[in-house]
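Everything on this sheet refers to the single structure shown next.
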Amino acid sequence: MSDEGELPATLEGKNYSDPRIHDPHFKGPIVNRSCTDVLCCMIFILFIIAYILLGLVAWVNGDPRRVAYPTDSQGHFCGQKGTPNENKPILFYFNLLSCTSPSVVVNLQCPTRQICVSKCPEKFLTYMEIQFMYRKDRNDWTYYSQFCKSALLKPAKTLTQVLLDDDCPTAIFPSKPYLQRCFPDFSTKNGTLTVGNKTVFEDGSGKTRNAVELRAAANGINNVLDARAIGVKVFEDYATTWYWILIGLTIAMLLSWMFVILLRFTAGFLFWLFTFGVIGIIAYGIWHCYREYSNLQGQPSSHLTVFHIGIQTDISMYFQLKQTWFALMIILCILEVFIILMLIFLRDRIRISIAIGYIPTTLIYPVLTFIFLSICISYWAVIAVYLATSGVPIYKVIAPEGQCKHENKTCNPEIFNTTEIAKACPGAQCRFAFYGGKSLYHQYITTFQIFNLFVFLWLINFVIALGQCALAGAFASYYWALKKPDDIPPYPLFTAFGRAIRYHTGSLAFGSLILAVVQMFRLILEYLDKRLKQAQNNISKFLKCCLRCCFWCLEKAVKFLNRNAYVMIAIYGKNFCRSARDAFNLLMRNILKVAVMDRVTDFVLILGKILVAGCIGVLAFLLFTERLPMIIAGPTSLNYYWVPLLTVMIGSYLIAHGFFSVYAMCIETIFICFCEDLERNDGSTEKPYFITPTLHGILNKKQLVPQKQKE
């Protein structure tokens, strides 16, 4: 950075870290800069290159079809177009009773042969029964043979030979397809579990089984597939409502954009609109709670409380209690009073964002940030899926009753019968086990997933940091213009963005790296908590809560310091550590103003975000619950209407957050510049304040020394 104009860092006996604090020619962000935190910049670039290479390797080795299609024992996909299994979309298990192995939870592979079929069995049959029935009617064998590994002309093999060759199942029973897999058709008759209206049945090997045993075996897979079932239903809801979701998010974007633009010209009006809008929504909630409470007051069950009904999985049960509505009414009343009291002190602070009106291009930047974040999220998700589905079919040696020294060794099914293993272990088979590999890449899949997550967090924080630094540079250009808007440089946002990329990529990467490390530790802590939840005692739970609290506070503190450090980087062009130190010292010298300003900004903007999300949420609720049939026909037959509803509400809130973050960054930048301005200047003719008289009256109650300055 250029040393031109540097003087001793003292003012009124106070030592300040900024060497330009006496520079009378200082007129905004430093133009002559040098690159900062070059080492971190180089490390960041190397990580990005490694991230791109990881994506290429994962793309070559991964196969997302393994998520969509079930896989038979040969590693072939069921129902995939252009394959022999195109018309066989359902997976059938030869012996479902063996699906109680712990390996089922890991890779959804039972230790039994699995084949692709066009439909599931609809009746009870055993192989021995088929051999007897074949002599009278061959149609039964035609039906049974479709569940065999290969087309057999007749059931000539003995049961023992069928078991050894694993050509056909020993028995079939009524089943239904569930997530493209055949599962028993269970039902309850007089309180007794049955399958195909039977409580007991022959398993084809001479044993009598009951429906409870079969249910326990099926649960080995069902417990894992239940999550997929919910996922499929959610996917169906998204497929039905995706265009409505996009329309809702677009409306939220336009509404947020309109609010931020109008804040410049009608700040007072919109502030009160935000306020009374939120107050009105809460007041309606209070009235609704009181009405429900009054309606339940005279009913016979009005004396019931939460202690009477206990813990219920049906949440609607709690809304039948007057105690629930009374508690909600009290909470909303407290919130209403809190908001009204806060309004008494905060109504004028909103006007600090006057700079947005002079730099309207800053309102477009959230769209650019959204595009960058979407790219990062999409790239991370694609790599995660490809890494999770990486590998080749792995086949293992399986011997009857485990009487083989080569059991569980890898094998090649195409040449297995000609190998020494087949000769040494008669009856041994080479079966598909899972997808994986022994290469260096496959051994480090978990490490690559961790790397994928870490770089994702780093990139997300870097994109946010880049936006904060660019916006800070643009708003600082506005503040340090003595004659506004005449002295504001042309294209301040694009100039600030270019400076941030050209000179301070390393500093932004440094700050985002610190935040990414903290977030990574929080995620690891949450992961360990879920994995070790069953083995926790009171002490470990207490330590876990303390660590959670500490890391949450640390993340908030790092975000606050980083944001202010980026403002100092945008203005002075110093490295991250020095900028963070200068920002921290400056804020500590104005700690009372910082506390008030930070809370004011958060409070006012949260009202706007809630109003945007609330308005879109109400419209989405009326649409997805089919309560606007006379106005517009919304989607019908949704599995969970709250899935698209929450998506729209959360998306609207995040969009509003993105646009209002411009407003927040404007206030924070102007506030830091104001603190610097007060320390540099005294309002005299020689050292005039750069702040406008209007903003000075808002931020500081002291009288401003008269000076010729345009607002």
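What you see below is based on every heavy atom in this structure, not just the backbone, and it leaves out hydrogens, waters and symmetry mates.
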Tell me, with the steps shown, if I514 and F576 meet side-chain contact (heavy atoms from CB on, under 4.5 Å). CA-CA 11 Å; I514 297 173; F576 176 80; 3.8 Å; yes
Are any side-chain N or O atoms of S378 and backbone N or O atoms of I375, one a donor and one an acceptor, separated by less than 3.5 Å? no
So, does Q468 use its side chain to make a donor-acceptor pair with the main chain of V567 at under 3.5 Å? no
Using the rule given for side-chain contact (heavy atoms from CB on, under 4.5 Å), can you reason through E555 versus V558, listing the C-alpha separation, both sets of side-chain angles and the distance that settles it, and then say yes or no? CA-CA 5 Å; E555 182 179 351; V558 170; 5.8 Å; no
Do [X] and [Y] have side chains that approach each other closer than 4.5 Å (heavy atoms only, starting at C-beta)?
| X | Y | value |
| --- | --- | --- |
| N562 | K559 | no |
| I460 | I377 | yes |
| F372 | L368 | yes |
| F462 | L513 | no |
| C673 | W480 | yes |
| K556 | F560 | no |
| V463 | F370 | no |
| W380 | V455 | no |

Does a donor on one side chain and an acceptor on the other come within less than 3.5 Å for N461 and Q519? yes
For Y572 and D582, does a side-chain donor sit closer than 3.5 Å to a side-chain acceptor? no
For [X] and [Y], which heavy atoms make the closest approach, and how far apart are they?
| X | Y | answer |
| --- | --- | --- |
| T495 | P490 | OG1-O, 3.7 Å |
| A565 | S579 | O-CB, 3.6 Å |
| S652 | L249 | N-CD2, 3.6 Å |
| V662 | P366 | CG2-CG, 3.4 Å |
| A570 | R33 | O-NH2, 2.5 Å |
| F510 | D37 | CD2-OD1, 4.0 Å |

Would W244 and T647 satisfy side-chain contact (heavy atoms from CB on, under 4.5 Å), going step by step from the backbone distance to the final call? CA-CA 11 Å; W244 292 108; T647 302; over 6 Å; no
What orientation do W458 and F47 show, parallel under 30°, tilted 30 to 60°, or perpendicular over 60°? perpendicular
Under 6.0 Å from the [atom1] atom of [X], do we count more than 12 heavy atoms belonging to anything else shown?
| X | atom1 | answer |
| --- | --- | --- |
| F451 | CZ | yes |
| Y379 | OH | yes |
| F454 | CZ | yes |

Which residue is it: T369, L493, T669? I am looking for the one with a side-chain contact (heavy atoms from CB on, under 4.5 Å) to L471.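 Only match with L471 under side-chain contact (heavy atoms from CB on, under 4.5 Å): L493.
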Between [atom1] of [X] and [atom2] of [Y], what distance do you get to the nearest 0.5 Å?
| X | Y | atom1 | atom2 | result |
| --- | --- | --- | --- | --- |
| I569 | C469 | CD1 | SG | 6.0 Å |
| M568 | N575 | CE | CG | 12.0 Å |
| I670 | Y479 | CD1 | OH | 8.5 Å |
| I286 | I331 | CD1 | CD1 | 11.5 Å |
| K574 | S34 | NZ | OG | 12.0 Å |
| C545 | R548 | SG | CZ | 6.5 Å |

Who are the side chain to side chain donor-acceptor pair (under 3.5 Å) partners of Y51, not counting sequence neighbours?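 Checked Y51 against side chain to side chain donor-acceptor pair (under 3.5 Å); matches are N452.
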Candidate pair V612 and I655, rule side-chain contact (heavy atoms from CB on, under 4.5 Å), full reasoning: CA-CA 9 Å; V612 172; I655 289 174; over 6 Å; no
